[in-house]
Amino acid sequence: MSVNQQAHTGPPYGQPQPGYQGYQQPAYGGQPLPGVPQSQYGAYNGPMPGYQQPVPPQGYFPSLGFPSKGSPVSLNSDTSSLAPNFIGSLRAPPTSGAPPPATGASLPSGHLAYSQFGHGDVQNGIPASAAPMQRPPASQPFLPGSAPTPVSQTSTFQQYGPPPASVQQLSNHMAGMTIGSTTASAPPPAGLGYGPPTSVPPVSGSFSATGSGLYTPYTASQGPPPTSVSQGLPLAQPPFLGQPISTQRLPTQVPGFAPPPSSTGIGPSSYSPATGAPRPPTMPGPPLSGQTVAGPPTSQPNHISSPPPPSTMSGPHPGPPMSGLHGPPPPTHPPQPGYQMQQNGSFGQVRGPQPNYGGAYPGTPNYGSQPGPPPPPKRLDPDSIPSPIQVIEDDRSNRGSEPFVTGVRGQVPPLVTTNFLVKDQGNASPRYIRCTSYNIPCTSDMAKQSQVPLAAVIKPLATLPPEETLPYLVDHGESGPVRCNRCKAYMCPFMQFIEGGRRFQCCFCSCVTEVPPHYFQHLDHTGKRVDFYDRPELSLGSYEFLATVDYCKNNKFPSPPAFIFMIDVSYNAVKSGLVRLICEELKSLLDYLPREGNMEESAIRVGFVTYNKVLHFYNVKSSLAQPQMMVVSDVADMFVPLLDGFLVNVNESRTVIASLLDQIPEMFADTRETETVFAPVIQAGLEALKAAECAGKLFIFHTSLPIAEAPGKLKNRDDKKLINTDKEKTLFQPQTSFYNNLAKDCVAQGCCVDLFLFPNQYLDVATLGVVTYQTGGSIYKYAYFQLETDQDRFLNDLRRDVQKEVGFDAVMRVRTSTGIRATDFFGAFYMSNTTDVEMAGLDCDKTITVEFKHDDKLSEDSGALLQCALLYTSCAGQRRLRIHNLSLNCCTQLADLYRNCETDTLINYLAKYAYRGVLGSPVKTVRDALINQCAQILACYRKNCASPSSAGQLILPECMKLLPVYLNCVLKSDVLQPGPEVTTDDRAYIRQLVTSMDVAETNVFFYPRLLPLTKADVDSDSLPAAIRNSEERLSKGDIYLLENGLNIFVWVGVNVQQGLIQNLFGVSSFSQISNALSTLPVLENPFSKKVRSIVDMLQVQRSRYMKLIIVKQEDKLEMLFKHFLVEDKSLSGGASYVDFLCHMHKEIRQLLS
Amino acid sequence: MATYLEFIQQNEERDGVRFSWNVWPSSRLEATRMVVPLACLLTPLKERLDLPPVQYEPVLCSRPTCKAVLNPLCQVDYRAKLWACNFCFQRNQFPPAYAGISEVNQPAELMPQFSTIEYIVQRGPQTPMIFLYVVDTCLEEEDLQALKESLQMSLSLLPADALVGLITFGRMVQVHELSCEGISKSYVFRGTKDLTAKQIQDMLGLSRPAVPLQPGRPLQTPEQPVISSRFLQPVHKIDMNLTDLLGELQRDPWPVTQGKRPLRSTGVALSIAVGLLEGTFPNTGARIMLFTGGPPTQGPGMVVGDELKTPIRSWHDIEKDNARFMRKATKHYETLANRTAANGHCIDIYACALDQTGLLEMKCCANLTGGHMVMGDSFNTSLFKQTFQRVFNKGFNGEFRMAFGASLDVKTSRELKIAGAIGPCTSLNAKGPCVSENELGVGGTSQWKICSLDPSTTLAIYFEVVNQHNAPIPQGGRGAVQFVTQYQHSNTQKRIRVTTIARNWADAQSQLQHIEAAFDQEAAAVLMARLGVYRAESEEGPDVLRWLDRQLIRLCQKFGQYNKDDPNSFRLSESFSLYPQFMFHLRRSPFLQVFNNSPDESSYYRHHFARQDLTQSLIMIQPILYAYSFHGPPEPVLLDSSSILPDRILLMDTFFQIVIYLGETIAQWQKAGYQDMPEYENFKHLLQAPLDDAQEILQTRFPMPRYIHTEHGGSQARFLLSKVNPSQTHNNLYAWGQVS
């Protein structure tokens, strides 16, 4: 919090802003509260100074230190301090009032950062530093940045000063701007117009000059990003002089600032090109630009510039950090919401101004020249924008060292990427529950305003590291667990005992319940029960109750569950060797069925079915000499032909089973049956479990589209032409409702279906997966299965799937404090009513995301409680209740909300939400809604929490600074934006997969981990530091590993030393590396060992065995690999990070205006 | 009349035919006045030791509507090499092979002693006999064990090339694949779902083999038999397999809760068996042998629900229309029976249970296809074991006493028409000029199909004289009937047996005594009884009895001599003398009386009555009672309570039961152990005599009768007491005690 306040320090900038106001005003003008801003600014200024002062000193230096990383970091810090972060230099958050000042400030800072003006930057940084103060690493950098900004700002403001009156002008400008934006010619005038009124021109000139000098180098580096920037720029540019714009456009202009100037003229024109078709139209930018214009000069430039600086940063200049610093100040400034445009604009301007100031009119000339000479557009420097890698690293280093103790309400846990231990002191471990926010708005109005979804990602049976203890099992005797009389919440640490311990008051509904006599215990002087520490349910966040018979189906204790293996023995399966493989594997695998605790043997019984067009059941009763096969060809009306001998104990029937598994491949070796059925297979399993009166799991190994005449028969309906049409959603929907009904029956019986698919062509995963999905099962897909390459992966998956801990016949309910309510659920389950999540099976990897909505007010005092109760049957057939409790804070200030959010969880929710959305709406609608929601979240922050800054600045809350990059990854994912090589099945598969993922999985799935293998330290067992997912980060001379939870790519650059190649692949040259390898050769040298141990380590971390793919640079497979470099523009049209950031910014600005 | 008796006997021995009238009334009117219709009992495959079959094709009349076979009654013009059909008078050329024909060089079929002749013909591929076991597994352990042993034993009795198949059923129906090595494989069907033949064949993979991936002709030819033989394999190839398989048969594993009957899917099992054979071997001799230990309790053909508290239907329920499953079940089995018959297969039912098993509903399966029906208390009884073994008995020539897929074609001369047949047959719906519009039994056709028959299978065939009263038959004219039976011999040969008989016409007014003298009262009794039983299947019991009574009265009116109002004056000629007695016992028989019999028992009795030959039928109508005493050699005595004497041992044969009854004194002697004393060896012999005689009967009878050894006052004595004419009862015992 304090950080945020510090952020406010931004106000110092505010001071400058006033000066700016002129400029800002225009922006404001665009915005509703032009006049207000000023006043506000004033106010801000007031505080700001105070802040600034402290800040600057600290900030500076730290920032300097930061520089390298700093720039981005610093940004963050700013945000953190202020609450808002900018992304780049843009400051979006502050209200309009705020923005202007910010812009003013930012501009300067930006300028500083950029070029010359490391010093200036430093100063800026300082103001920011106030914020940093609070947050050590991040904030510090910022501070410096901020500090500088103030200074610069002031200056800029002054310069801008004139404009203040311009508020009115602004509006005019706006008009002009827009025009400018629209037509190429327009810009110049607009620019001119702006220039004059604001007096910016000169400034800009100077800026540009300075900027140009500095920039050029940057720009070069920035080169790539430009596109997005340019877009933003145009807007800003017009208002400003050409120069600023140009700078923004820098992307294209890489060369020098000079281009920027041209940009003024070109600005408009360049915009459209730069932005690409879409953006120009969005031209809203332009109008924004008008606004931005004001902003841009000041804050935006800074911010923007800051990003670029990073690159420079890397260089000698502290500037970059500065820029970062600047960034922070910008936040305080009324950053203009404008996106890249603004940023660009602002950047451009900023730089422009500064340069101008600095020197230089070169910029001006540019302006003049702009139209003529195409100014090399500047880009947003990717290094300056928030880096996931950095965030992860920071969290790791800050929070990985000591255990996370759950005793405190509303604590935000470390990131999922951080290794940490958890000590349960009354709240469930984040391994079980993670929330999007640990501070919940008290009212629904607030919640609506922020648009931050309130959701919890729950993994009730999560596996814990060995150091942590499993939930204790509590037995409350025959009467069952103690529960609240009214809401039926289970006894938990938050229940309040009163009247000397004779009653307790429910923490959820406040109802008072008598304590049952056998449970009575005296209270100590603090009102705690004396046995507080003896009872897990009073002192821990997670524990289990032993359920009584009342909690069982039909009031009968369940029998131990069963596993039924159902193997496709059609021609394809036999020919590919799959059948033999499965049978061989099962022989040994059956000894590893899940066991409960320390039981000697698993209680789980097994059964076997093979099938093609008909089903074959096997009687493997222990008394038989030979297994018996029973063929059921009446697939229209499936039934189980035998009872006794179908489900058997592995140990008792060992020889018969072995004999069966030996014979199955032989029996079908000559099969010519190519058709298969599918629904009857599930029905058969279901009926078998019904007959045995137990729950269980079906393992179905299936190869083809079920076209044989039978219920659930499917036709090939794959049609890529539907993509991007309104009918696209049908590709995700099941073909028939048959499977939905079947799933319902399965759930009722506790029949969970795990599906292993081995398709050689379309087999309609969307339909086949319905039952799996709704019963809580898993789908595994091995397209074009080949024994040699895929067998390891398949077998590992199978082993894990069979062995993993699993509960059956599960019902989960989430109870909450009065005031909020679980309203929506995402995951693999079935719901027959609106509150209970039913899962036939639930394993340790399955996650359910629950969304909450307000139905009343919450109070800050009591906070909000969640209790997730999962009733399930353990693998030994014991009925249990697993309870997870979590207490959250409630807030009346939006800032608190934004400070306690978790982006990874948010992305998990958003992805699931979007992936469900594609079932009902066109993909485009879903994407737009996603962008819109995020824009609203960020805009709300900007408006309500961030300190004022230029509208041109994008300001992001510290906790959400990765939101744009992650969101972009979601938007680019195969489901929402398929490339041509992505099959319909893949999309459906991914869609269902993601729906059950936990936060860690979605995190790496959407933003893959990219490790430079050649940088690995062969002597330690640590992983090399990850790098960002962008092609520019790859060096031709290195080998990289990329993993996303499904695949591991090993990318080999063309210039890799032969020695390394020899060591890793055992071949002498690059060209000899075979990309058909599915594993790395086992070679006795440190490098090979290291790499293999890394791969193994990663494999262990993921719930699925990842497919290893060797990619040689410039090989055709590289296209596939590049698809996972998510910060780059994707072939299927996905935006690059930078572009997307700019786009987000634009959206935010639009919302704010 | 001795001559007529001899004539009748001779005819029966030679042709297997017994006519009710051996001289035929010459007009329709006269014939109807005779009361007993002109009809005959035909035993198509009567064993003839002296009848070597000829190895050529029969010569047929060339008239398409006639096609009668050349026979000794035909007029032959040796010079022109022509013969005139004695039924339609069509003149036919002899085929070229008969070129050498002359008065002295006659083919066998023209010789009078060959009024019955058998041809072996080469038609179609020879297929081995097929036995498809359909086995109920909802049995008590002991029963199942016994049944398994019987089945295993039966494998050794089958010819090595016979095809066998196995279907087991309980709650599910399993069709066992016999060709597989190692793992035993079966196709399983739900017991509750009726499937069409096509579905069954699809599910068993019998319909067209799966599209051959490599279109190779050579593959297809061998494949066809392979496919069909997955379920039906030659005994010699798989008897070890099948023996093991049978050995491993388990009781139906599905739990039966207290108070419930096991779920038994007999209806579906039969349906599948029928469908399987239909798809693989249509029109080839095959036996579906159903072994069931209880009533069908689910699915199509269910006879009773699985609640033990609701008992299986009784006659009482049926009369009250209270048997809710009966009609549907009957319909199901009728459909199956008709399909089976159409395919030329037969269904045997071996039902062993203490309670009813649904024979009433299932009876048509055996009745229409010529299958056996055996009813016992348990599979673990010698009654079942020996009966079953006897199915595979061989005849004098070492051939199985069974034949398949027979069709019986009856041709008559113009004055006669065919009214119908009663026996284990179905109509082939062959309309023709000689088919009467009045139906008796299965009518409206001149051809019937008898899917399975043995040497004793006997049909009753009813005729109608259509000659008008005013169109006299030329003096000395003879009416002729030809029976052409084509069948598949147990050695897989196709054979045709032709029997041609002729009888004289007589004018009933002028020559009544001839007709009267030529009356075969035994045949007539059986023929009337068959009519009665046939009616009883569809009509109310009392109506049938009334009808029988009226017929008897009318017969007596017509042929009796009496003075009005003087009962003692009533006389019947010798040829009619036994007839009323037969009718009397018939009225009391279980064929017409359902009292004290369950519906199943009635069906069982009627089944056998409708297929046994004359002798056996008479035993069924009027059980035979032999008396053994020290007073002389064993003698037949009246089936009357007066025959029960203390110092007699009685042996009663009712066909279904053999009762040995020790008189009061004899029983006491036996208890005293006299038979063990050397000095009373004669007593021992006396005790032994009936046992030996009974054994003789038991040895030959099919199905094996229930053997009851009882004594005066024993509980089992009821079997005897219920049969004898109750001339002495507890009411008149003392008054009439010593009279007879």
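Proteins get letters first, then strands, A, B, ... in listed order; numbering begins at 1 in each. Values below: all heavy atoms of this structure, side chains included; hydrogens, waters and symmetry mates excluded.
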Next item on the list: Report the C-alpha separation of A:Y618 and B:I183 in whole Å, then their side-chain angles, then the decisive distance to 0.1 Å, and conclude whether the side-chain contact (heavy atoms from CB on, under 4.5 Å) test is met.
Entry: CA-CA 9 Å; A:Y618 296 93; B:I183 199 163; 3.9 Å; yes

Notebook entry, point to check: Taking all non-hydrogen atoms of both residues, which atom of B:P253 and which atom of A:L643 are closest, and how far apart?
Noted result: O-CD2, 4.1 Å

Item checked: Steps toward side-chain contact (heavy atoms from CB on, under 4.5 Å) verdict (A:M630, B:Q174) -> CA-CA 8 Å; A:M630 306 177 119; B:Q174 281 177 262; 2.7 Å; yes

Note to self: Which atoms of B:L195 are under 4.5 Å from chain A, going by heavy atoms: the side chain, the backbone, both sets, or neither?
What the structure shows: side chain

Checklist line | Structural part of A:M638 lying under 4.5 Å from a heavy atom of chain B | finding: backbone

Next item on the list: Go through A:V635, A:D644, A:L642 and name the one with the most non-hydrogen pairs under 4.5 angstrom from chain B.
Entry: A:L642

Margin query: So, applying side chain to side chain contact (heavy atoms under 4.5 Å, CB included) with A:F639, which one of B:K193, B:M172, B:R171 is it?
Written below: B:M172

Notebook entry, point to check: Rounded to the nearest 0.5 Å, how far does CD of B:Q199 lie from OG of A:S633?
Noted result: 10.5 Å

Next item on the list: Could you tell me whether the side chain of B:R190 and the main chain of A:D634 form a donor-acceptor pair under 3.5 Å?
Entry: no

Check: Are side-chain N/O atoms of A:Q626 and B:E248 paired as donor and acceptor at under 3.5 Å?
Finding: no

Checklist line | More than 12 heavy atoms from other groups under 6.0 Å of NZ on A:K553 | finding: yes

Check: For the side chain of B:S186 and the backbone of A:M629, is there at least one donor-acceptor N/O pair under 3.5 Å apart?
Finding: yes

Check: For A:D764, which residues count as a salt bridge (Lys or Arg N to Asp or Glu O under 4.0 Å) partner, sequence neighbours excluded?
Finding: A:R717

Next item on the list: Among A:K613, A:Q663, A:E666, single out the residue with the greatest number of heavy-atom pairs under 4.5 Å to chain B.
Entry: A:Q663

Check: Who wins among A:D637, A:V640, A:V614, A:V632 for the most heavy-atom pairs under 4.5 Å with chain B?
Finding: A:D637

Check: Does a sphere of radius 6.0 Å around NZ in A:K587 hold more than 12 heavy atoms from other residues, nucleotides or ligands, not counting ones at 6.0 Å or beyond?
Finding: yes

Checklist line | B:E307 atom CD, neighbour heavy-atom count above 12 within 6.0 Å | finding: yes

